[in-house]
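Comments concern the structure below.
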Amino acid sequence: MKKFIYSMFIMSLLVGMMIFAAPSTVQAGVQEKTYLRKVVRNGRVRYIRVKKPSFYRRHRNRVNMALGTGAGALIGGIAGGGKGALIGAGVGAGSSALYTYVWNKKKRKYVKVRRN
C-alpha cells in the first residue's frame with residue numbers, strides 16, 4: 001500500500017511539473033524574440049521575420065529523453081531499490097526514445113511576425 005501511495009504522489013508531482021512547464025502566452029508590452037529566416041522561391045530570395053521557437057521546441061528530443069529516463073529511474077527506485085532504479089532508467093530511456101523518434105516525430109512550424 002505504501003508503494004502505491006508513493007507512486008501516486010510522484011505521479012501527481014510529475015503532472016504538476018508538466019502544467020507549469022507548458023508554454024504561456026506572451027504578455028502585453030513584451031517584445032517577442034524574432035530572427036530572420038531565408039526563403040527561396042522561384043529563384044527569388046526573401047528574408048521573413050519569424051518568432052524564435054521556445055526552449056522545449058528547440059531541445060525537444062533531449063528534454064523528452066531526460067524526463068523519461070528520470071521518471072523511469074524514480075519509479076524503479078521506489079519499486080525495487082538501487083537495482084530497480086537502474087532497470088527503470090533503462091526502460092524509461094527506451095520508452096521515451098520510442099515516443100520521441102517513432103510515434104511523435106518533430107513537425108516544424110514557422111510563424112510569421114508582423115511589424116507594426
(Q) Are there over 12 heavy-atom neighbours, none belonging to Arg58, within less than 6.0 Å of that residue's CZ? (A) yes
Q) Is it true that a side-chain atom of Ser7 and a backbone atom of Phe4 form a donor plus acceptor pair closer than 3.5 Å? A) yes
Q | Summary of ring-ring contact (aromatic ring centres under 6.0 Å, His included) pairs that have at least one residue in residues 70-91, sequence neighbours excluded | A | none
(Q) Connecting only ILVMFWY residues whose side-chain heavy atoms lie within less than 4.5 Å of each other, what is the rest of Ile5's hydrophobic cluster? (A) Met1
Q) Taking the hydrophobic residues Ile, Leu, Val, Met, Phe, Trp and Tyr, and joining any pair whose side-chain heavy atoms are under 4.5 Å apart, which ones share a cluster with Met65? A) Tyr101
Q | Considering all heavy atoms, the nearest Ser96-Gly68 contact | A | CB-CA, 3.8 Å
Q: With sequence neighbours excluded, tell me which residues meet side-chain contact (heavy atoms from CB on, under 4.5 Å) with Arg60.
A: Tyr56, Asn64, Thr100, Asn104, Lys106
Show me the donor-acceptor pairs within less than 3.5 Å that the side chains of residues 70-95 make with the rest of the protein, sequence neighbours left out.
from	atom 1	to	atom 2	distance (Å)
Ser95	OG	Val91	O	3.1
Ser95	OG	Gly92	O	3.1

Q. Which ILVMFWY residues are connected to Tyr99, directly or by a chain of links, through side-chain heavy atoms under 4.5 Å apart?
A. Leu98, Val102, Trp103
